[in-house]
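Report on the following structure.
One-based numbering along the sequence shown.
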Amino acid sequence: MNGSFLKAALLVVLVAVGVVFYACTFIVSQTQSALVLRLGAVRAIKTEPGLYFKWFAPIETVTLLDNRILDLDLPAQEIIASDQKRLVVDAFTRYRISDPLRFYQAVNNIPRANSQLSSIVNGNVRSVLAEASFVAVVRSERAKLMTRIRDDVNREAARFGMTVVDVKLRRVDLPAANSAAVFQRMQTDRQREAAEARALGGQQSQEIRARADRDATVIVAEAQQHADEIRGQGEGERNRVFAEAFGKDPEFFAFYRSMQAYEASIKPGDTRMVLTPDSPFFQFFNGPNAQRGNGTTQGPAAQAPAAPAPARP
């Protein structure tokens, strides 16, 4: 009986010791920091991970704070840029608790910190973007503006024990009422630019064609001039050869010219000639040695030494 009582008493003592040990210890993980509060006042701050001891509640309590980077999504807000363009801005920020004691004293917990930081970020986003133009916010100076907003927010968040890691704009849009008008204006601008490009292309095309036609005319004229010069030189040489031939044998040259005249004038088909039988034109019809009544050779080609003009093409 006494043995059973002793076992029960020992078990009770062990349970009581376990409960007291559990109530007087706490664990800080690698992602946390802890504030040990004695009757509401901060007694100690634990930032290193490990097992720590405290007085049991309600004498001392422990508040754990997250050391990791925290995300804060901000509600979309409408901002008027410096060029009077309305913008719908959707931003977010990332921050961490840098001073646990000041954080606890200023905002006490994460939800209140998010509310306070949201007001700070929204105010700085509105004030900074209101000084910038639409193009600067959307394209040219966006990174620079975000850096400026982050620095301004950090100066205000430091008094709450927080450090802002980054502030970003997730989306920057025009209000729905302005989007259609902006799209129509952009479409009109693109159509105007396309028309100008087509007009410029047509003008350049006409200039190129005009230059090509002018160059072709000049080339053809120069070629024709060169051909005429060569043809004239050939005709001069031809006449010189005929003149030399006439000087060497006038009778043969007269016969040759008469044969050319016969070939050119008497064609197969409907050739008709009205001449007297004793015309000098037919003097060689009776043979190459034909003579007229006075006994001299009087062919039509024997009257002049000039060579016949060649037919023009």
Side-chain angles (χ1 to χ4, degrees), residues 26 28-49 61-176 178:
F26 63 93
V28 178
S29 68
Q30 293 179 343
T31 61
Q32 294 176 327
S33 59
L35 298 176
V36 181
L37 307 177
R38 178 177 295 176
L39 301 178
V42 178
R43 180 183 68 82
I45 301 174
K46 305 298 181 180
T47 57
E48 297 295 328
T61 57
V62 176
T63 299
L64 298 175
L65 300 176
D66 200 333
N67 287 335
R68 293 173 294 182
I69 295 177
L70 305 175
D71 293 329
L72 174 61
D73 288 328
L74 304 174
Q77 58 179 329
E78 186 172 313
I79 297 172
I80 301 177
S82 61
D83 51 2
Q84 303 304 311
K85 297 290 182 62
R86 292 183 176 273
L87 302 174
V88 177
V89 177
D90 184 8
F92 71 93
T93 185
R94 294 182 297 173
Y95 71 97
R96 60 191 303 270
I97 300 173
S98 56
D99 189 340
L101 177 59
R102 181 173 295 182
F103 178 86
Y104 177 78
Q105 292 174 342
V107 293
N108 190 262
N109 53 50
I110 298 293
R112 291 182 60 185
N114 288 342
S115 177
Q116 190 68 37
L117 187 59
S118 178
S119 300
I120 296 173
V121 174
N122 282 338
N124 282 276
V125 168
R126 182 179 297 274
S127 62
V128 171
L129 297 187
E131 299 175 0
S133 64
F134 172 77
V135 176
V137 175
V138 174
R139 183 179 58 190
S140 60
E141 299 181 8
R142 187 163 179 168
K144 180 179 179 180
L145 294 173
M146 293 301 97
T147 301
R148 179 182 169 186
I149 292 173
R150 184 197 63 192
D151 295 341
D152 292 346
V153 172
N154 259 327
R155 282 192 288 269
E156 297 187 42
R159 58 192 177 93
F160 298 103
M162 296 180 290
T163 299
V164 175
V165 177
D166 204 359
V167 178
K168 293 293 184 182
L169 297 181
R170 182 183 290 110
R171 182 174 58 91
V172 179
D173 289 332
L174 293 171
N178 298 345

Which heavy atom of [X] sits nearest a heavy atom of [Y], and at what distance?
X      : Y      : answer
Leu65  : Leu35  : CD1-CD1, 4.1 Å
Leu129 : Met146 : CD2-CE, 4.4 Å
Ser118 : Leu72  : N-CD2, 3.8 Å
Ala136 : Leu145 : O-CD1, 4.1 Å
Phe160 : Ala106 : CD2-CB, 3.7 Å
Val36  : Phe26  : CG2-CZ, 3.6 Å

Compare all side-chain heavy atoms of [X] with those of [Y] and state whether any distance is below 4.5 angstrom.
X      : Y      : answer
Val164 : Leu117 : yes
Met162 : Leu70  : no
Arg142 : Val172 : yes
Asn122 : Pro75  : yes
Val89  : Leu74  : no

When rounded to the nearest 0.5 angstrom, what distance separates [atom1] in [X] from [atom2] in [Y]?
X      : Y      : atom1 : atom2 : answer
Gln105 : Asp99  : CD    : CG    : 8.0 Å
Glu141 : Arg148 : CD    : CZ    : 10.0 Å
Ser33  : Asp66  : OG    : CG    : 8.5 Å
Thr63  : Ile45  : OG1   : CD1   : 11.5 Å
Ile69  : Arg94  : CD1   : CZ    : 6.0 Å
Arg150 : Lys168 : CZ    : NZ    : 8.5 Å

Could you tell me whether the side chain of [X] and the main chain of [Y] form a donor-acceptor pair under 3.5 Å?
X      : Y      : result
Thr147 : Ala143 : yes
Ser82  : Ala130 : no
Arg126 : Gln77  : no
Asn67  : Gln32  : yes

Inset, instruction - For Asp152 and Val128, run side chain to side chain contact (heavy atoms under 4.5 Å, CB included): C-alpha distance rounded to whole Å, both residues' side-chain angles, the deciding distance at 0.1 Å, then the answer. - result: CA-CA 9 Å; Asp152 292 346; Val128 171; 3.9 Å; yes
Inset, instruction - Among Asp166, Asn154, Asn124, Leu169, find the one that has a side-chain contact (heavy atoms from CB on, under 4.5 Å) with Ile149. - result: Asn124
Inset, instruction - Report, as yes or no, whether the 6.0 Å neighbourhood of atom CD on Gln30 holds more than 12 heavy atoms from other residues, nucleotides or ligands. - result: no
Inset, instruction - Answer yes or no: are there more than 12 heavy-atom neighbours, outside Arg139 itself, under 6.0 Å from its atom CZ? - result: no
Inset, instruction - Take Ile97 and Ile110 through the side chain to side chain contact (heavy atoms under 4.5 Å, CB included) test and state the conclusion after the steps. - result: CA-CA 9 Å; Ile97 300 173; Ile110 298 293; 3.8 Å; yes
Legend entry - Test item: side-chain donor near acceptor, Asn114 and Tyr95, under 3.5 Å: yes
